[in-house]
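Accompanying notes for the structure given below.
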Amino acid sequence: MAANPHAEHLQELLEDLNEPQREAVTHGEGPLLILAGAGSGKTRVLAHRIAFLIYTDQAQAGEILAITFTNKAASEMRERVERLLGHATRGMWLMTFHSACARILRAEAVRLGYTRQFTIYDQADSRRLAKRSADAVGVDPKRYTPAAVLNQISAAKNKLIDVDDYRRQAASPFEEMIGEVYDIYQRDLVRMNAMDFDDLLFRTVNLLELFEEARERYRVTFRHVLVDEYQDTNHAQYRLLQLLAGGGAPPKRGREAGDGEPAYARPVGHRNLAVVGDDAQSIYGFRGADIENILRFQDDFPDARVVKLEQNYRSTETILQAANSVIANNRGQIGKKLWSELGQGEQIQMRALQDEHAEARYVVGEIQRLVDEGASRAEIAVLYRTNAMSRVIEDALVRSEIAYQVIGGTKFYERAEIKDAIAYLTLLANPYDVVSFTRVANSPRRGIGATTLARVTAHAAAMDISVWEAAARPQEVPGLGSAAVKALGRFMASMAELRAMTGAEPFGGEGEDEARVAQLTADAPGDEPQRGGQGVPIAELLEAVLAQSGYIEALEAERSIEAQGRIENLEQLVEVGREFDEAEQDAEPTLERFLQEVALVADADTRSDDEGLVTLMTLHNAKGLEYPTVFITGLEDGVFPHSRAIDEGGLEEERRLFYVGVTRAMRKLYLTYARRRAVFGAQSYGMPSRFLTEIPGDLLDEGTEGFGAGAFTPSLARGGETAWSAGAGQVKAARGERAASASFRLGEDVVHAAFGDGVVTGVEPDGVIVVRFAGDGSERKLMAEYAPVTKR
DNA sequence: ATCCTGATTTTTTTT
DNA sequence: AAATCAGGAT
């Protein structure tokens with residue numbers, strides 16, 4: 001790089017980076033692990049590194065694959081890179097794992113037996129399908145909710161365990177049952193030409209393992225792979241990276257590797273893999289994230305360059321000290337100590353409030369005060385453990401007329417009318433999609449009831465044809481009355497008309513199967529669609545759907561405020577379609593691309609940077625963000641840490657979540673808890689969160705002002721009092737006295753309040769015991785001291 | 001096929 | 001407290 005034409009830019013690029021940051025940015029080829037503490041400028045490092053690779057001609061834009069955690073983070077990253085480069089970054093793959101996989105699969109799905117129009121099911125869709133499959137197996141839905149069943153399947157998929165492997169490994173009646181459900185569930189997905197979120201990863205791994213040609217092509221294409229938030233990758237994602245970048249060590253986790261190791265497992269490939277993460281911020285274990293991925297990166301790549309970023313540019317020292325001392329209670333982490341030059345700053349405000357309403361009033365009162373003093377509402381975030389907790393705070397904000405936004409919870413795309421409209425489009429694109437068909441067929445009501453639907457779908461399954469085809473020729477469906485035949489005929493006629501608008505081949509006539517077969521055998525999957533796709537603009541199609549289907553008409557007939565709101569939501573959706581049409585001018589705005597984009601929006605993507613909006617969200621959604629002022633609410637044992645986490649040994653992850661929350665704050669941090677809180681409508685009383693006791697007392701201001709100070713703002717320093725109203729003697733009492741724990745021995749018989757009889761199969765440090773329960777054969781980790789478990 | 005009502009459940013966290 | 005669901009009446 002002696003006479004680099006970009007020399008000037010290069011220097012500028014490296015100018016205001018600190019030493020380790022610069023080391024990470026300028027690292028050349030080969031594996032790179034960046035351990036980036038909270039607020040240490042990792043996004044900046046990633047953006048600069050991408051720009052550096054391009055400036056030094058180590059990569060073209062099109063040779064870079066950069067994975068972020070959310071779409072929002074991806075577009076922010078793209079902006080930064082473009083600002084650094086001074087030009088657009090077309091062709092650079094900067095997106096989430098799921099988006100990247102969906103994009104690859106669109107081009108290659110044919111090789112795996114799907115058409116490129118395959119549907120992506122979101123969690124709600126998947127759950128409905130899981131419920132159907134569980135019903136078919138005869139699973140008692142009281143005992144195992146569809147969500148729980150789906151979780152099991154999802155966990156298996158995240159570990160790349162397919163149906164056959166799962167059933168072979170099943171070690172309990174419970175697992176055998178889940179295996180049966182998994183089997184049906186997966187068959188249904190394939191038959192419907194659909195994938196759930198986990199399939200996007202799983203099938204991409206399949207593709208790269210099975211087809212050497214594709215594997216080599218993508219390896220060559222992505223000469224440099226960068227991954228943000230590496231601590232939250234799961235096994236499937238790990239495997240995917242290995243296939244793309246070439247592994248270091250062969251796979252040791254997952255299934256048996258050994259001698260007969262397949263070719264793809266061997267460490268070939270460019271190994272230009274740069275990952276950024278912070279093990280202290282791993283908070284997605286519940287959805288399969290494997291913290292071991294980051295902890296063992298150096299085992300996978302013994303020659304990896306390791307860079308630690310420990311200087312924090314975000315928070316005051318007070319906030320960092322609190323975060324450091326809390327996280328010190330976790331074990332088995334990569335040692336890191338955050339420090340800052342921003343000075344001590346203000347004390348952390350801690351408050352105990354009467355109940356959740358008082359808590360909300362306190363938070364809103366403080367927000368009011370800060371805004372009066374000149375703060376922008378956009379500088380303030382209120383965080384909580386579960387989505388349901390937003391409501392009380394929202395009420396208080398509304399009452400005080402403070403503008404706010406809620407991230408997550410009931411999303412726009414989860415509203416019934418939006419899902420209906422999307423389901424119409426999905427069915428038009430993918431005539432095999434039974435879930436969309438059943439959703440849409442009788443909505444609005446047109447006399448196609450549950451029995452009719454069941455007969456049609458059963459017929460389709462029996463004849464091995466698409467639902468569309470079955471519904472299009474209703475007279476062939478056994479058992480249908482003449483009214484049902486007529487209703488179906490009318491419905492399908494208008495659907496056929498709408499499908500014609502999309503420019504897709506007509507469907508449901510005789511030659512249908514050839515259509516899929518032709519698509520499946522069409523070789524040479526490329527990056528562009530083989531034909532067609534130039535159909536109508538999405539907005540136009542949507543309007544036609546809503547009119548033709550009688551959907552809008554039915555809502556108008558209702559004449560209710562609620563229906564009016566739904567109509568407005570649908571208008572908003574049409575607007576989304578219009579924006580998509582305009583944004584895609586160069587590429588063809590195909591229906592499937594639109595549906596894919598809609599399916600993969602995350603809560604966090606909907607965040608607005610609008611000035612003047614206070615932001616409310618869960619702690620999970622706050623990952624990666626920062627605010628001058630942060631409120632963390634609901635700091636009670638059982639709420640945060642969540643009771644289920646306490647029961648199941650998830651305390652360390654909860655603690656990391658708290659760490660994430662604390663480190664979002666730049667200058668002011670508020671921690672609040674309520675003594676009494678309504679849970680499911682019933683009142684419950686909780687102790688202050690144990691995390692509060694892990695913060696050194698001198699960092700906290702417990703508020704002495706105000707009426708009945710002692711009564712409502714108990715002090716950690718004070719103590720001795722007995723009841724709640726007398727102060728938080730409990731907090732002090734709790735400090736340091738948690739260590740004592742009931743001891744269980746290996747092999748001991750125990751009884752759990754919820755799970756019933758079980759036996760201790762493992763004893764771990766920190767009072768964690770492993771118990772296998774007779775009821776369902778499940779094995780759970782419990783905190784001996786806190787879980788409702790006794791010796792028998 | 002559709003509507004109503006009472007019972008049951010829901011709350012972790014999410015791509 | 002709200003939402004979904006099952007069962008039964010129309």
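Everything numeric in this text was worked out from a predicted model, so none of it was measured. Throughout, protein chains are lettered first and strands after them, A, B, ... in sequence-line order, and every chain is numbered starting at 1.
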Please give the distance between the C1' atoms of C/dC5 and B/dT12 as a whole number of Å. 23 Å
A/Asp232 and A/Lys623: CA distance, side-chain angles, deciding distance, salt bridge (charged side-chain N to carboxylate O under 4.0 Å, His left out) verdict: CA-CA 11 Å; A/Asp232 280 321; A/Lys623 183 160 87 154; 2.3 Å; yes
Residue pair A/Ala484 / A/Leu480: nearest heavy atoms and the distance that separates them: CB-CD2, 4.3 Å
Angle between ring planes, A/Tyr284 versus A/Phe286, binned at 30° and 60°: parallel, tilted or perpendicular? tilted
Sugar-phosphate or base contact per nucleotide [nucleotides 9-15 of chain B; S, B, -; heavy atom under 4.0 Å]: SBBBBBB
Between A/Phe197 and A/Phe202, is the ring centre distance below 6.0 Å? no
Under 4.0 angstrom between A/Arg445 side-chain N/O and B/dC3 OP1 or OP2: yes
Outermost contacting nts on DNA chain C, any atom under 4.0 Å from chain A heavy atoms, listed 5' then 3', are C/dA1 to C/dA2
So does A/Arg655 get a backbone contact from the side chain of A/Asn330, meaning a donor-acceptor N/O pair under 3.5 Å? no
Could you pull out the closest heavy-atom pair between A/Val485 and A/Gln475, with the gap in Å? CG1-N, 4.3 Å
Looking at A/Arg391 and A/Glu394, does any basic side-chain N land under 4.0 Å from a carboxylate oxygen? no
Does A/Ser99 use its side chain to pair, donor to acceptor, with the backbone of A/Met95 at less than 3.5 Å? no
